[in-house]
There are 4 protein chains.
Amino acid sequence: MFIERVHSPGLAHISYFVGGRGKAAAIDPRRDGDVYLDLAREHGLRITHIFETHRNEDYVIGSRELAEVTGAEIYHGANLPFEYGHPVSGGDIFNLDGLRFGILEAPGHTSESICITLADLSASEEPVGVFTGDVLFVGDVGRTDFIEGGAELLYGSLFDKLLPLGDHLIIYPAHGAGSVCGGHLSAREFSTLGYERRHNPSLQHTERQAFIDFKQAERHYVPPYFRRMEQQNLAGPDLLGGLPDPCACIADEFAARMRQGMFVIDVRTPEAFGGAHIPGSLAIPLEYLPAFAGWFLSYNTPLGLVVERPQDVDTAVRYLIRIGYDDVVAYLAEGMHDWETGGRHFEGLPQVYIGEIKRRLEAKEEFVLLDVRSRGEFEAAHVRGAQHIYVGDLPERLAELPKDTLITTFCGSGHRAIIAASLLKRSGFEQVENCLGSMAACRATACPLETGD
Amino acid sequence: MFIERVHSPGLAHISYFVGGRGKAAAIDPRRDGDVYLDLAREHGLRITHIFETHRNEDYVIGSRELAEVTGAEIYHGANLPFEYGHPVSGGDIFNLDGLRFGILEAPGHTSESICITLADLSASEEPVGVFTGDVLFVGDVGRTDFIEGGAELLYGSLFDKLLPLGDHLIIYPAHGAGSVCGGHLSAREFSTLGYERRHNPSLQHTERQAFIDFKQAERHYVPPYFRRMEQQNLAGPDLLGGLPDPCACIADEFAARMRQGMFVIDVRTPEAFGGAHIPGSLAIPLEYLPAFAGWFLSYNTPLGLVVERPQDVDTAVRYLIRIGYDDVVAYLAEGMHDWETGGRHFEGLPQVYIGEIKRRLEAKEEFVLLDVRSRGEFEAAHVRGAQHIYVGDLPERLAELPKDTLITTFCGSGHRAIIAASLLKRSGFEQVENCLGSMAACRATACPLETGD
Amino acid sequence: MFIERVHSPGLAHISYFVGGRGKAAAIDPRRDGDVYLDLAREHGLRITHIFETHRNEDYVIGSRELAEVTGAEIYHGANLPFEYGHPVSGGDIFNLDGLRFGILEAPGHTSESICITLADLSASEEPVGVFTGDVLFVGDVGRTDFIEGGAELLYGSLFDKLLPLGDHLIIYPAHGAGSVCGGHLSAREFSTLGYERRHNPSLQHTERQAFIDFKQAERHYVPPYFRRMEQQNLAGPDLLGGLPDPCACIADEFAARMRQGMFVIDVRTPEAFGGAHIPGSLAIPLEYLPAFAGWFLSYNTPLGLVVERPQDVDTAVRYLIRIGYDDVVAYLAEGMHDWETGGRHFEGLPQVYIGEIKRRLEAKEEFVLLDVRSRGEFEAAHVRGAQHIYVGDLPERLAELPKDTLITTFCGSGHRAIIAASLLKRSGFEQVENCLGSMAACRATACPLETGD
Amino acid sequence: MFIERVHSPGLAHISYFVGGRGKAAAIDPRRDGDVYLDLAREHGLRITHIFETHRNEDYVIGSRELAEVTGAEIYHGANLPFEYGHPVSGGDIFNLDGLRFGILEAPGHTSESICITLADLSASEEPVGVFTGDVLFVGDVGRTDFIEGGAELLYGSLFDKLLPLGDHLIIYPAHGAGSVCGGHLSAREFSTLGYERRHNPSLQHTERQAFIDFKQAERHYVPPYFRRMEQQNLAGPDLLGGLPDPCACIADEFAARMRQGMFVIDVRTPEAFGGAHIPGSLAIPLEYLPAFAGWFLSYNTPLGLVVERPQDVDTAVRYLIRIGYDDVVAYLAEGMHDWETGGRHFEGLPQVYIGEIKRRLEAKEEFVLLDVRSRGEFEAAHVRGAQHIYVGDLPERLAELPKDTLITTFCGSGHRAIIAASLLKRSGFEQVENCLGSMAACRATACPLETGD
């Protein structure tokens with residue numbers, strides 16, 4: 001018996017491959033499912049069960065894709081009208097060789113959320129671990145703003161069902177640090193019900209109403225692509241068959257496709273984008289693609305990629321199809337080098353370090369420090385005088401920004417800010433620069449900060 | 001913060017790489033330490049701390065090798081006169097970026113055994129896990145036959161120190177299933193103090209004397225190479241610098257080296273050895289090399305390998321140097337094929353299936369069913385009439401076996417039995433065969449069994 | 001500009017990936033075309049041209065499969081009514097960035113065979129190399145028994161068209177050593193027209209009639225699957241979409257599928273098959289699968305695999321789909337070990353070394369030495385008294401063999417002989433053994449040989 | 001028999017691994033010799049012969065390193081007093097299984113240069129190929145400025161010895177495109193004596209004196225590190241034992257080491273360096289490290305690396321040790337990100353596209369267009385008004401440049417120019433920018449050019 005974590009970076013999504021003797025199960029598989037097939041082959045196992053802890057809203061679930069190849073059965077909670085798979089109820093058990101999966105209904109994040117206990121029958125029928133989906137994370141609990149009464153339901157799931165299983169159960173949550181499905185997930189991935197009961201900040205609100213109040217006070221962003229994910233995951237996502245294979249385009253052809261409407265995403269580092277980029281391209285550093293593409297990209301426009309190295313194409317394609325962007329048609333074959341040696345127009349985007357920002361503030365020079373972090377981050381601490389617009393809201397709030405003043409984009413470290421900066425440039429703002437280091441650099445250099453909005 | 005398990009198959013040894021932000025620690029590193037360096041490089045970390053949970057007896061510890069390259073400091077228990085590294089005492093703590101390692105003295109398996117708690121300071125100073133060395137495993141506890149009073153010491157370490165840390169701590173033991181350092185380790189690798197407290201069979205003996213009696217009733221084998229491991233691990237093992245690079249020998253040269261005293265180990269499967277092998281070679285299937293080579297090989301004789309595929313050479317060399325056999329000088333370059341096409345003498349070794357054994361037993365045909373499993377396994381259940389000699393004891397007990405009767409070697413599944421069979425053939429026994437499937441096949445086919453000795 | 005050889009072992013097939021700046025071409029691509037896509041991605045190229053040197057008879061061409069993904073155009077000779085792709089004529093040229101491909105009609109092996117010259121336009125319009133398909137190999141020329149007048153046509157192609165291109169052209173043939181498309185290919189893969197003109201044995205017959213006589217005296221085997229390959233390659237092979245994913249079956253299920261008609265191929269080594277195998281399985285050592293499966297397997301029977309290691313499944317599946325066997329449904333998940341520990345019936349097959357054969361011959365013991373090499377090999381030299389039946393002909397000539405006498409199968413080294421031996425056992429012969437080493441061992445030990453039939 | 005090319009990018013060095021049956025030879029092995037050991041293991045071969053075609057001046061030869069591990073013998077030309085290995089003379093032959101290496105003395109590039117013919121004895125004693133070292137390349141011949149009378153000697157080696165071997169021999173030169181050991185090597189790697197005789201521009205000077213005049217008119221740069229290479233390669237280079245393992249340093253420690261004298265090389269792309277870099281660091285894009293580090297780095301200063309991704313560290317270290325820089329002590333563990341978030345000072349370097357250069361030229365704006373290509377490239381064509389200083393000469397000619405005027409560095413595509421730009425900034429020039437695209441962009445956009453100096 002073994003459990004293999006499968007990370008989908010950017011989404012901070014964690015799926016699990018649970019192997020017994022001869023058979024295996026997958027929990028919340030992602031859409032590019034070769035990783036599960038490889039694990040099955042490596043261990044000589046057959047995937048027979050697929051569990052979905054809930055109808056996900058932040059990525060396309062890979063259950064149907066994996067079931068198509070393996071013949072496995074799909075199971076999910078009963079409280080939503082899925083158009084595929086089998087509904088399960090609390091108390092249901094599934095034996096798989098010497099393993100036993102047990103269903104626990106745990107609504108709150110969604111109405112049909114389930115947790116799944118895991119017992120090693122060779123030792124005991126009592127569970128040794130529990131797959132907690134988006135109910136309980138390491139260091140946080142699931143957000144409850146998707147459904148009416150979510151906070152109260154979650155309280156019951158956590159305090160009346162999950163925690164009573166015992167301190168000694170290892171937890172296997174569906175997200176790690178950085179997820180948009182919770183706020184303050186730990187960078188550590190392993191924990192137990194007991195450790196969380198003691199140290200998870202959200203679980204310190206042990207009184208029902210206190211917990212509900214705490215959760216209802218949270219504010220979360222809802223990227224526009226969530227709606228599509230929800231629809232697809234209810235209906236059963238389209239089958240891919242294989243990964244899209246974007247065409248390797250030399251600069252001439254890449255430019256031609258741009259003229260025909262292809263939207264260009266530049267997934268290189270902020271530094272490289274700052275040095276030279278194709279005018280009009282949107283910067284989303286590779287690791288930020290899964291979490292931020294869904295704010296800015298249309299599902300009806302073909303996508304082109306600018307990458308640092310050819311092997312990044314595969315990564316970018318996987319990131320995109322995981323959130324339903326399957327129409328990735330081209331990449332710039334030799335990267336910016338080919339664009340540059342072709343004599344084509346490129347632009348830079350100045351990067352500024354925190355020392356210069358401090359100098360300006362002290363000198364009271366005029367410029368807009370545009371902080372694009374979340375409202376919560378902004379309120380916790382921000383540079384005096386900074387203007388706040390969340391990066392995801394920027395497309396709709398451009399009118400709030402001046403065109404004739406230098407705008408310095410700013411975030412936690414400079415990554416979301418480069419997205420914002422490139423968006424401004426695309427939108428006709430000419431005096432734009434990005435603060436690499438941003439808030440982290442502020443803290444490291446004792447920049448004067450203020451709180452509130 | 002992350003923990004990476006590093007398995008050394010065959011030894012069932014598990015070492016750990018614990019990464020913080022910028023720095024990393026290794027727990028009980030193995031001798032071929034490239035795996036830790038690769039992890040450090042992949043994550044951009046520097047290894048600064050090396051902890052040894054105890055002076056190991058079953059493999060050569062890799063601390064000095066790793067410290068040589070990284071400059072890390074080595075720490076181990078204070079109760080043995082190590083000639084390298086630093087002694088630590090109960091209560092000592094080591095902070096490494098946001099991690100904290102805490103020392104717990106836990107004698108019993110050895111006199112200087114320590115357990116090491118791990119806290120994630122970003123969440124709490126309370127530990128979330130504990131490296132339990134050979135004190136506590138998943139499903140078993142450490143053996144206590146190495147030191148006087150070991151059982152009593154271990155009781156104190158387990159019940160007075162380790163378990164009181166709380167049910168919610170995840171355990172990280174130094175061995176997994178199949179280790180010779182414990183008897184009944186689980187195939188599952190993850191557990192918690194609480195789960196073990198409830199379900200670990202050894203921990204059900206909660207009364208001091210009952211536990212001591214239980215442990216003292218255990219009988220363990222002590223392979224002859226343990227003594228050398230203990231000496232080396234106390235003095236600080238020789239530095240390797242790199243893996244031995246055995247020469248690719250064509251059959252002519254391989255044969256010449258054999259005549260000069262090279263000892264040949266055939267690491268192919270029992271089936272392949274059964275089909276054709278070099279007369280005089282000792283069969284130890286690759287995965288059994290770490291656990292059984294130390295019973296049969298001299299440290300003063302150069303070793304030659306017969307492998308299935310060239311890539312197995314690297315695996316075999318690693319397995320051998322982990323237990324101190326550094327003098328691996330040659331391998332048969334194109335495997336048995338080259339030996340065969342050279343017209344050289346090879347032999348087969350018949351493999352027999354359980355149906356035939358049952359037929360003989362029913363027909364009361366004369367033959368020796370030589371069961372080479374451990375005494376404990378034998379006593380639990382064996383085929384009626386079987387003769388028992390543990391595979392490790394065989395070299396010294398050959399005189400107990402007849403030379404003029406068919407001997408069928410037998411074990412759990414046919415792997416230890418092929419070692420035994422090849423040993424008999426080397427020793428002049430001519431009527432030898434191996435029962436593939438062995439005890440597992442017996443059980444699957446409801447063979448009549450008896451218990452006791 | 002670079003050329004990458006892509007080998008398909010067993011078939012001894014060589015395809016080529018030719019990369020320019022931005023674009024690439026594939027010559028005779030195989031059906032599992034991921035290797036070309038990977039090369040294209042690695043170098044940032046787009047595959048735009050696919051050339052087929054001829055309608056292949058020994059494997060399924062991968063052109064359509066590759067064109068489907070890349071959008072490349074397919075080109076082949078004009079003298080056969082292909083149902084896909086574009087016909088080309090002698091003198092046609094194709095420029096691809098700085099490369100130029102030139103068509104040379106070169107019938108003889110097939111009626112529409114072409115050779116394709118390659119020029120590096122940055123240096124000269126004169127070609128630097130030529131893709132010779134099955135017209136000219138290193139050390140041999142193509143077989144001419146497929147079409148009427150083939151030998152005469154080939155003479156013209158070689159002496160009037162190819163060799164006059166000049167001694168200095170490098171040749172890139174479609175097969176390497178071991179192919180069934182020619183008889184005596186060199187183990188060396190690189191050569192030039194000039195080196196072949198001087199040292200290729202077939203090209204020493206420079207007179208037209210002498211060459212024709214020489215070729216017409218050749219005798220080649222035609223495996224039954226060739227017919228299907230020819231049909232498929234003319235019509236355009238079925239699209240696979242991806243590799244078949246045979247199910248990992250435990251022994252119980254594997255046995256159940258066998259009872260339902262699944263045909264079992266054991267691709268392990270002869271030694272391992274000799275040690276233990278499933279009764280009724282056909283031994284075809286992995287590397288022999290591409291060349292020999294087509295003699296024995298039906299296209300209408302689902303196939304099951306017994307492998308040494310799980311990673312061999314992928315290799316075996318690729319080997320099989322390259323010759324059109326797409327219905328690979330299962331493999332024995334933990335190999336023979338699972339079969340054995342389940343207590344199931346297995347058998348051995350004795351392996352005998354040449355010394356024993358010689359002893360028997362000298363002692364004039366009665367047994368059949370069944371030499372299954374090709375007629376040409378047999379006539380060149382064989383052990384006195386050996387009986388000859390080609391391994392491929394064996395299914396139809398079983399009646400020629402005695403059931404009550406020991407049959408020792410024999411070939412070049414023991415691999416084709418293990419196929420034969422397993423076939424005999426499947427067919428009810430009980431006294432069968434295999435001579436590992438076979439003819440190679442004979443030669444190494446100066447066995448008395450005779451020639452002729 | 002097979003030949004495997006081993007490329008060392010940047011140096012454009014090609015070494016060869018030649019495998020027979022059982023044994024193998026290496027030609028001009030590089031210093032990090034794991035690649036040869038891996039090939040030997042993969043094919044079950046033992047490396048017994050190492051040939052050096054000449055005493056290399058552009059990299060550290062790996063012969064001693066490889067001989068140390070394998071026990072192979074080293075062979076080189078007799079006309080230099082090597083302190084290791086064995087001298088060979090014209091006509092010497094070395095048989096290795098079925099292969100034959102034949103020595104041809106071919107001075108000109110160095111005084112002891114040899115070429116080595118290769119015959120496949122299974123086909124003929126006549127050679128099929130020849131390792132031409134730095135005597136003959138694809139598209140060029142070796143430079144002759146290292147020794148007195150080199151041109152005349154080379155003429156004899158080429159026209160009297162090499163070409164007479166016959167048009168049909170395949171050539172295996174020691175360098176590919178981009179080498180500093182020749183001027184105009186082709187991007188194609190395969191050729192024959194006959195193709196070169198016809199199309200190699202240098203070989204068109206068939207008259208002795210014309211050839212000598214042609215060669216003597218060439219002007220080559222001699223990087224300062226060549227001298228050290230020559231000394232080391234004559235004396236026998238220091239043994240490494242393994243690759244240096246630079247420490248993963250967080251920004252604080254990296255900065256501390258800089259203050260203690262560590263010299264920082266930034267191997268990221270020009271774009272990334274342009275976006276943000278550590279003040280004082282020298283930009284050498286990764287692939288340019290082998291060819292240009294030797295112009296700028298001292299052998300007595302510890303080196304620190306700034307990389308894009310951790311896996312680039314290994315590549316950079318290999319590139320550096322190949323030219324004798326073994327003291328690589330540190331790398332910035334999380335790249336520039338860690339530097340930026342620490343609030344440390346970083347700078348940008350503006351990148352300008354060719355359109356802007358043209359605009360300035362037309363507007364007659366004042367700026368220095370500093371062309372750092374080789375003199376030959378400059379004379380062939382350059383932008384009107386450009387100032388020429390070769391990148392390698394820049395450290396000694398800084399005084400020729402103005403400190404108060406904008407300097408735009410310029411080369412073939414922007415890579416050598418970024419080295420130059422970073423060097424200027426290090427040296428106190430403040431108005432520096434780099435023209436990405438450079439000459440290639442000029443040509444693509446029909447920029448007005450002039451020739452001569």
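Here is how names work: the chains are called A, B, and so on, in the same order as the sequence lines, proteins then strands, and each is numbered from 1.
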B:Arg197 vs A:His168 side-chain heavy atoms within contact, under 4.5 Å: no
Between A:Glu196 and chain B, with a heavy-atom cut-off of 4.5 Å, which part of the residue counts as in contact: side chain, backbone, both or neither? neither
If you tally heavy-atom pairs under 4.5 Å between each of A:Val128, A:Leu193, A:Asp167 and chain B, the highest tally belongs to A:Val128
Answer yes or no: does atom CZ of B:Arg21 have more than 12 heavy-atom neighbours from other residues, nucleotides or ligands under 6.0 Å? no
Do A:Ile170 and B:Thr192 come within less than 4.5 Å of each other through their side chains, counting heavy atoms only? yes
Closest non-hydrogen atom pair, A:Ala123 against B:Tyr195: CB-OH, 3.5 Å
Is it the case that atom CZ in A:Arg100 sees more than 12 heavy atoms from other parts of the structure closer than 6.0 Å? yes
Part of A:Ile3 lying under 4.5 Å from any heavy atom of chain B: both
Neighbour count >12 (heavy atoms, 6.0 Å) for atom CD, B:Glu125: no
For A:Asp38, what residues pass the side chain to side chain donor-acceptor pair (under 3.5 Å) criterion, not counting sequence neighbours? none
Nearest-0.5 Å distance, CZ of residue A:Arg188 to CZ of residue B:Phe2: 14.5 Å
Below 4.5 Å from any heavy atom of chain B, which atoms of A:Pro201 appear? Answer side chain, backbone, both or neither. neither
B:Lys215 atom NZ, neighbour heavy-atom count above 12 within 6.0 Å: yes
Measuring from atom CG of B:Asn200 to atom OG of A:Ser124, what distance do you get when rounded to the nearest 0.5 angstrom? 12.0 Å
